[in-house]
Amino acid sequence: MKLASSLVPHQWRLLTSPQLSLQAFIFSTANTTKSHTFWSPTLRQCRNLQTAVSPIVSSSYLPTSYITQKQIEIPTSPEKQSPPVQEGLGAFQKLPMVMPSIDLYCSALRKSKRVQPTKGIANIAKRERNRGAKQLDAFMKELALPLKGYMESFPRKRLLHPYERSLIDLTLGDGKYEEVLGKVDVLRKKVLSVGKEHASLCAKALSKKEAEERLNEGVEKLELVFQQQGRAVDDLLSIAKVLRAMPVVDLEMPTLCLVGAPNVGKSSLVRILSTGKPEICNYPFTTRGILMGHIVLNYQRFQVTDTPGLLRRCDEDRNNLEKLTLAVLTHLPTAVLYVHDLTGECGTSPSDQFRIYKEMKERFKDYLWIDAVSKCDLLGGSLVMYAKEDRSSDDAEIIKYRETGPDESIHVSVKTEQGLNELKSKVKEVLSNEMEKIKSGEKIDLSVGTC
């Protein structure tokens, strides 16, 4: 009653109203009692109470003290979420080590058999079904967790650098990468589904014998799943090996890309100019991938790539080896060393080489360019046998090209070492200029593919 006698009428309404909080009552009391000289003990106790404000967040109440310790995470709409960040070059070297499917299965089975039942269970049937359920659960997790790790560690193709996306399509085949990852995810979900189902059945067994049977059935079912779908893990292992063996490219380092028709002598020049050791044989498409070497000039390191040869045809008709060459030219900061063979030994006529050369020169006209005529020791005064070709429509430019190659081209011979010093000096000059372009951030506008 002492509290009641000290309250004014509007404070009675605050206290008796079910919609209003104790905090509002205390605030009103504090303002009113400034004019009062006497506080009752009960009112003084209410005045000293520490209250916590609990705002509504996602239909739940959170104390203010918790909010001050941790920011409330309010889900953002898909439109407001930040776009995924594209990865730089080098994602292939970060790929995880993938276990063969048989090793993954045997390891999981071995670990699950070590799981013991919970201590303190006296009943034999209960102990056995507890052991069976725990072993099946452990077996399921030992299989599913590595598969989940593979799914998280292998990068999404759309987030890769355009050059590495091209390498995946041209090396593995269009859609193969996503297909294998999808199969691995299907296997993971199947393992979880079967494991949970049989662990639940084992936990409901009524006797020791039934629990043992349920355990064996679950193990056999998971083994069958891996026999039927475990091939996806082995395919992923093969993909990881192929991608991890891809040459590492540094976008901040200038690259000299050797381009030309098949078997014109690009690989021989790569051996002369860099640390790369490509295969050298006298047949077309000796180079069946991108080979990366390095060259050091004035204590500065540069990249040199040997690429598969180009034939005279539309981009739609090119094979994957030729598309690898175009991918390097399109996506990497390169200077071009175009190699010509006017002897006809390469299997591509000089007139076809000229048309391929003009197409590439037009498409990549903003690139720094060097022209080299290889095997010049076979030209000179000796008789040159050309491949069969129609010369009736030759113009003056093709006739001149057939005799001496492009203007300002360097004639070289790996056999006699003619022109190699001049070529090395030109390469040094061009790569130094390419480094300046990279430092200045100059952009290159590439034209679309043509026939």
Side-chain angles (χ1 to χ4, degrees), residues 84 86-112 136 138-198 218-249 285 287-292 308 318-324 327-328 331:
Q86 186 183 70
E87 297 191 21
L89 283 174
F92 296 159
Q93 280 63 47
K94 302 174 186 176
L95 295 177
M97 300 301 296
V98 180
M99 294 178 62
S101 59
I102 183 64
D103 292 349
L104 179 60
Y105 175 84
C106 293
S107 174
L109 182 61
R110 185 170 57 253
K111 292 179 180 178
S112 66
L136 282 176
F139 190 27
M140 171 194 69
K141 290 179 179 178
E142 290 293 338
L143 291 174
L145 286 178
L147 300 180
K148 181 181 179 181
Y150 299 154
M151 294 298 301
E152 294 175 348
S153 300
F154 275 76
R156 295 294 168 262
K157 181 181 167 184
R158 60 188 176 85
L159 300 180
L160 291 173
H161 188 275
Y163 171 67
E164 292 182 328
R165 286 204 300 267
S166 301
L167 287 183
I168 285 181
D169 289 337
L170 299 175
T171 305
L172 305 177
D174 191 15
K176 180 68 173 178
Y177 182 77
E178 299 93 327
E179 178 187 349
V180 172
L181 284 177
K183 289 181 178 180
V184 171
D185 196 40
V186 170
L187 173 60
R188 179 187 66 85
K189 293 177 181 177
K190 185 68 173 178
V191 166
L192 289 174
S193 174
V194 172
K196 290 178 180 179
E197 176 186 355
H198 285 270
V219 172
E220 291 174 359
K221 185 64 176 179
L222 287 173
E223 180 182 3
L224 180 62
V225 169
F226 245 69
Q227 286 179 351
Q228 294 175 343
Q229 303 181 27
R231 177 70 181 177
V233 180
D234 297 325
D235 291 341
L236 190 65
L237 172 61
S238 301
I239 287 177
K241 287 181 178 179
V242 171
L243 296 182
R244 208 179 287 114
M246 292 289 178
V248 181
V249 180
F285 291 110
T287 304
R288 290 177 287 272
I290 302 298
L291 187 139
M292 185 71 67
R318 297 192 185 279
N319 58 35
N320 285 350
L321 294 179
E322 295 175 272
K323 291 178 180 178
L324 278 175
V328 172
H331 300 301

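Within the 4.5 Å cutoff, the side chain of Ile102 has no heavy atoms near those of the Phe226 side chain. A heavy-atom distance below 4.5 Å is found between the side chains of Val194 and Lys190. Counting heavy atoms from C-beta outward, Gln229 and Lys183 have side chains that stay 4.5 Å or more apart. Considering only heavy atoms from C-beta on, Val184 stays 4.5 Å or farther from Phe154 through its side chain. Within the 4.5 Å cutoff, side-chain heavy atoms of Pro100 are placed close to those of Leu237. For the pair Leu181/Met151, a side-chain contact is recorded, criterion being any heavy-atom separation below 4.5 Å from C-beta on.
Atom CZ of Arg165 sits about 12.5 Å away from atom CG of Leu170, to the nearest 0.5 Å. To the nearest 0.5 angstrom, Cys106 atom SG is 9.0 Å from Glu223 atom CD. If you take CG on Leu167 and CG on Asn320, they are separated by 11.0 Å, rounding to the nearest 0.5 Å. Rounding to the nearest 0.5 Å gives a distance of 9.0 Å between CG of Leu222 and CE of Met140. Going from atom NZ of Lys157 over to atom CG of Leu160 covers 9.0 Å, rounded to the nearest 0.5 Å. Distance CD/Glu197 to CG/Leu192: 12.5 Å, rounded to 0.5 Å.
Partners of Val242 according to the side chain to side chain contact (heavy atoms under 4.5 Å, CB included) rule, which considers only residues two or more places apart in sequence or in another chain, are Thr171, Leu172, Met246. For the side chain to side chain contact (heavy atoms under 4.5 Å, CB included) test, residues two or more places apart in sequence or in another chain that qualify with Arg244 are Leu95, Met97, Ala240. For Lys241, there are no salt bridge (Lys or Arg N to Asp or Glu O under 4.0 Å) partners two or more places apart in sequence or in a different chain. Here Phe139 pairs with Tyr105 under the ring-ring contact (aromatic ring centres under 6.0 Å, His included) rule; sequence neighbours left out. Under the rule for a salt bridge (Lys or Arg N to Asp or Glu O under 4.0 Å), Arg110 has no partner lying at least two apart in sequence or in another chain.
Pro146 and Lys141 get closest at one heavy-atom pair: CD-O, 4.0 Å. When all heavy atoms of Leu147 and Leu143 are compared, the pair lying nearest together is CG-O, 3.2 Å.
Arg318 places no side-chain N or O within donor-acceptor distance of the main-chain N or O of Lys323, the cut-off being under 3.5 Å. At distances below 3.5 Å, at least one donor-acceptor pair connects side-chain atoms of Asp234 with backbone N or O atoms of Ser101. For Glu322 (side chain) and Asn319 (main-chain N/O), a donor-acceptor pair under 3.5 Å exists by modelled atom type.
Screening residues 99-108 for salt bridge (charged side-chain N to carboxylate O under 4.0 Å, His left out), with sequence neighbours left out, gives no hits.
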Residues Glu164, Ile168; criterion side chain to side chain contact (heavy atoms under 4.5 Å, CB included); working and verdict: CA-CA 6 Å; Glu164 292 182 328; Ile168 285 181; 5.7 Å; no
Step-by-step side chain to side chain contact (heavy atoms under 4.5 Å, CB included) determination, Leu109 to Ser112: CA-CA 5 Å; Leu109 182 61; Ser112 66; 4.1 Å; yes
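In this structure, Asp235 pairs ionically with Arg231, as a charged nitrogen and a carboxylate oxygen lie closer than 4.0 Å. With respect to Asp169 and Lys176, no salt bridge is recorded, no charged nitrogen being found less than 4.0 Å from a carboxylate O.
Applying the 6.0 Å contact sphere to NZ of Lys189 captures no more than 12 heavy atoms from other residues, nucleotides or ligands.
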